[in-house]
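Here's the structure we're looking at; comments come further down.
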Amino acid sequence: MTLKLGVLVSGEGSNLQAVIDAVRDKKLNAEIVLVASDKSEIPALKKAEKAGIPYKTLNPAEFSDRENYDQTLAHEFLKHQVQLVVLAGFMRILSAKFLACFPDAVINIHPSLLPDDAEKEEITLPDGTISRIFRGKNAVNLALEAGVSWTGCTVHLVTEKVDQGPVLAKKAVPILPHDTVLSLHSRIKEEEHHLLPLGIQEWVKKMLKVC
Ligand code: GAR
């Protein structure tokens, strides 16, 4: 069965491109049926266009409230019979109403290490040191400012609690002495591009019980 993916983006779209490439190279038995964004004129949409994938921008400013926005977004994905929604650099928090339309079928890629036990506020790094968890929008900056030696990226199920859903896949990335936010984020993204297709495969194994 070919999995129907809906991808949400807000910016560069390098993770979207990684999924496009994985589908093209038959590393993923999937089809991206719709790319949706909250911003127009972003590189991610150009990538969708170039790959011949239908795309749509929904501008939050044109909606009365968040619920209304999320309902319309969900409706677009449902119209395209999306089975799994992938947040690939989507910088908005989705409401419970949206999540209810895709039970256990929304995943996110986050640019830091998240714990297997969502309740935990600390994580053990590969060098044995302990780090706090960096959730939310500025995870790369926060890790750099904290002076920890490792950070990474995580693919996880999206729940109502931000960046606290069950983990599907993660990869640690070392922080180098002269790292800037830009250099660190760019090395994290390199790993994300492998991890996101892997996370989608993990979701298929876990949720659709396919080996
Ligand atoms: C990625 O690093 C992703 O992990 C991050 O935004 C970047 C998007 O890059 N997402 C978040 O910070 C979500 N909290 P891309 O547009 O090049 O894929």
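All ligand and atom numbering here is 1-based and tracks the order in the structure. Note that these values count all heavy atoms, side chains included, but never hydrogens, waters or copies made by symmetry.
Closest heavy-atom approach to atom 7 (C) of ligand 1 among the candidates Glu12, His185, Arg135: His185.
Among residues two or more places apart in sequence or in another chain, the salt bridge (charged side-chain N to carboxylate O under 4.0 Å, His left out) test is passed with Lys79 by Glu76.
Atom 10 (N) of ligand 1 has its closest protein heavy atom at Ile109 O, 3.7 Å. At the shortest separation from atom 4 (O) of ligand 1 among protein heavy atoms lies Glu192 OE2, 2.5 Å. Protein heavy atom at the shortest distance from atom 8 (C) of ligand 1 is Gly89 CA, 3.6 Å. The closest protein non-hydrogen atom to atom 14 (N) of ligand 1 is Gly136 O, 3.7 Å. Closest protein heavy atom to atom 13 (C) of ligand 1: Met91 SD, 3.7 Å. Counting only heavy atoms of the protein, atom 16 (O) of ligand 1 lies nearest to Gly13 N, 2.8 Å.
Distances between N or O atoms of Asp163 and those of ligand 1 include no value under 3.5 Å.
Heavy atoms of Gln17 come nearer than 4.0 angstrom to ligand 1 in no pair at all.
Counting only N and O atoms by type, the side chains of Thr151 and Ser112 include no donor and acceptor under 3.5 Å apart.
By the 6.0 Å and 45° rule, Arg92 stacks over the aromatic ring of Tyr69.
Under the side-chain contact (heavy atoms from CB on, under 4.5 Å) rule, Val158 has a single partner from Val85, Leu99, Asp104, which is Leu99.
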For residues 137-148, dump all side-chain donor-acceptor pairs below 3.5 Å to protein atoms at least two apart in sequence or in another chain.
none

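If you chain together hydrophobic residues whose side chains sit under 4.5 Å apart, Met91 and Leu8 never meet in one group.
Residue Glu191 comes nearest to Lys171 through the heavy atom pair OE1-CG, 3.6 Å, listed as atom of the first residue, atom of the second, then distance.
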